[in-house]
Amino acid sequence: MSRKKSQKSRGSGGSSSSSSPAASSLPPKDGGKSCSPDSQVPLDGVVVPGRPSLSNSAEFYDLAFKVMLVGDSGVGKTCLLVRFKDGAFLAGSFISTVGIDFRNKVLNVDGVKVKLQIWDTAGQERFRSVTHAYYRDAHALLLLYDVTNKTSFDNIKAWLTEIHEYAQQDVVVMLLGNKEYGVPFMETSAKTGLNVDLAFMAIGKELKHRSMKIPNEPKFKLHEYVKKEVKGSGCCKS
Ligand SMILES: Nc1nc2c(ncn2[C@@H]2O[C@H](COP(=O)(O)OP(=O)(O)OP(=O)(O)O)[C@@H](O)[C@H]2O)c(=O)[nH]1
Ligand SMILES: [Mg+2]
């Protein structure tokens, strides 16, 4: 899947998006249509209680919320959104997002149709003032860093300062470490004990399987074991 550099604004469905200066690097929306006014989302997220509404993607929903992707340029915000929306990875050369754009996706959350209007922001410094204008209406912010890029991690503090300055006080914030080194990964806490036993057990199992070749024993797969057993990675600083 390749991306086209767009020169024209496509994201005009949000409450303040008409002032959006330019489009992003997201691929064109369905049919290339601009978004209709019904993609506006009230601050409390409740559209019509008990009465499903129709989003511009022709899907019914009960609740609607605005979610923003923020973080340094290149951490993978656009790719994450495309992966979530279309199930694909945007391969090819990096095309930095210009301005801001959004995609809608309706989730079934315990039987309730929840529409997420997900805003993909430009990480580059020169677009920061554009992004600030959108924080106010966001119900949730996904702050991304790139696990292979230390600077993007170091900048989290500055991003959080911006979030506290511009977003609503009760905004939901989640930190996402994106990309991968191709090695098993888990978060540990010496304080709470999170995944500490698991880290050593996983290594013990891998080493034992390497050194003892037991006939007919299935091959131990460290990645899969960690993925299956890992607890609470990504949640809650401790
Ligand atoms: N290996 C790997 N590469 C990724 C991943 N996510 C994104 N990339 C690559 O990282 C580069 C930047 O990704 P984007 O999604 O365009 O980054 P962005 O955060 O939207 O950047 P800006 O639009 O400038 O803010 C691209 O070359 C992607 O192919 C990932 O999970 N793994
Ligand atoms: Mg982008």
Side-chain angles (χ1 to χ4, degrees), residues 1-14 16-17 19-29 32 34-35 66-105 116-135 138 140-163 166-167 173-187 223-224 226-227 230 233-235:
M1 189 173 180
S2 65
R3 274 181 287 177
K4 288 197 188 108
K5 213 173 219 165
S6 174
Q7 303 299 324
K8 256 184 81 208
S9 175
R10 288 192 302 265
S12 57
S16 52
S17 60
S19 60
S20 172
S24 71
S25 54
L26 281 168
K29 294 189 181 81
S34 64
C35 296
K66 281 189 179 175
V67 179
M68 265 176 87
L69 298 173
V70 295
D72 278 11
S73 179
V75 296
K77 299 180 293 296
T78 301
C79 286
L80 192 85
L81 180 51
V82 171
R83 162 66 68 188
F84 178 58
K85 178 76 172 93
D86 304 327
F89 178 60
L90 286 181
S93 54
F94 169 32
I95 299 173
S96 204
T97 299
V98 173
I100 191 160
D101 196 5
F102 74 90
R103 290 286 190 269
N104 292 324
K105 182 151 172 165
L116 299 182
Q117 185 179 89
I118 307 161
W119 289 83
D120 177 30
T121 67
Q124 286 179 44
E125 192 81 42
R126 64 195 168 111
F127 296 112
R128 224 36 78 74
S129 58
V130 178
T131 310
H132 289 166
Y134 288 81
Y135 275 110
L141 292 164
L142 295 181
L143 172 56
L144 274 78
Y145 70 96
D146 173 350
V147 299
T148 68
N149 177 344
K150 183 176 179 299
T151 307
S152 76
F153 180 78
D154 292 340
N155 285 338
I156 287 169
K157 208 170 166 199
W159 280 105
L160 286 171
T161 304
E162 287 204 357
I163 289 169
Y166 295 99
V173 182
M174 189 156 65
L175 183 63
L176 303 182
N178 190 41
K179 304 197 186 177
E180 69 293 306
Y181 273 121
V183 293
F185 170 83
M186 70 182 81
E187 290 191 334
H223 269 93
E224 284 177 17
V226 168
K227 218 187 273 178
V230 74
S233 69
C235 177

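In listed order, ligands and their atoms are each counted from 1. Values reported hereafter were calculated over all heavy atoms of this structure, with side chains retained and with hydrogens, waters and symmetry mates removed.
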Have Thr97 and Thr78 got a donor and an acceptor in their side chains that come within less than 3.5 Å? yes

Enumerate the atoms of ligand 1 whose separation from the nearest heavy atom of Leu90 is less than 4.0 angstrom. 29 (O)

When rounded to the nearest 0.5 Å, the distance separating OG of Ser152 from CG of Leu143 is 9.5 Å

Judging by distance only, is a nitrogen or oxygen of Lys77 under 3.5 angstrom from one on ligand 1? yes

Can you name the one residue among Phe127, Phe102, Trp119 that meets ring-ring contact (aromatic ring centres under 6.0 Å, His included) with Tyr134? Trp119

Qualifying residue, where the test is side-chain contact (heavy atoms from CB on, under 4.5 Å) with Asn178 and the options are Thr148, Val75, Leu80: Leu80

Can you find an N or O of Gly74 that's nearer than 3.5 Å to an N or O of ligand 1? yes

Look at Thr121 and state whether any of its N, O or S atoms is less than 2.8 Å from the Mg ion (ligand 2). no

With a cut-off of 4.0 Å, which atoms of ligand 1 are near a heavy atom of Thr78? 15 (O), 20 (O)

Between Ala138 and Met68, which heavy-atom pair has the shortest distance, and what is it? CB-SD, 3.9 Å

Against heavy atoms of Gly123, which atoms of ligand 1 measure under 4.0 Å? 22 (P), 25 (O)

Is the Mg ion (ligand 2) less than 2.8 Å from an N/O/S atom of Ser73, whether that atom is in the backbone or a side chain? no

For the atom pair CG (Asn155) and OG (Ser73), what is the distance rounded to the nearest 0.5 Å? 11.5 Å

With sequence neighbours left out, the residues meeting ring pair (Phe, Tyr, Trp, His ring centres under 6.0 Å) with Tyr166 are His132

Does an N or O anywhere in Ala122 fall below 3.5 Å from an N or O of ligand 1? no

Could you work out, for atom 3 (N) of ligand 1, the closest of Phe89, Tyr145, Tyr181 by heavy-atom distance? Phe89

Apply side-chain hydrogen bond (donor to acceptor under 3.5 Å, both in side chains) to Asn149 and list each qualifying residue two or more places apart in sequence or on a separate chain. none

Short N/O distance, under 3.5 Å, between Ser73 and ligand 1? yes

For Asn178, the ligand 1 atoms whose distance to one of its heavy atoms is below 4.0 Å: 5 (C), 6 (N), 31 (O)

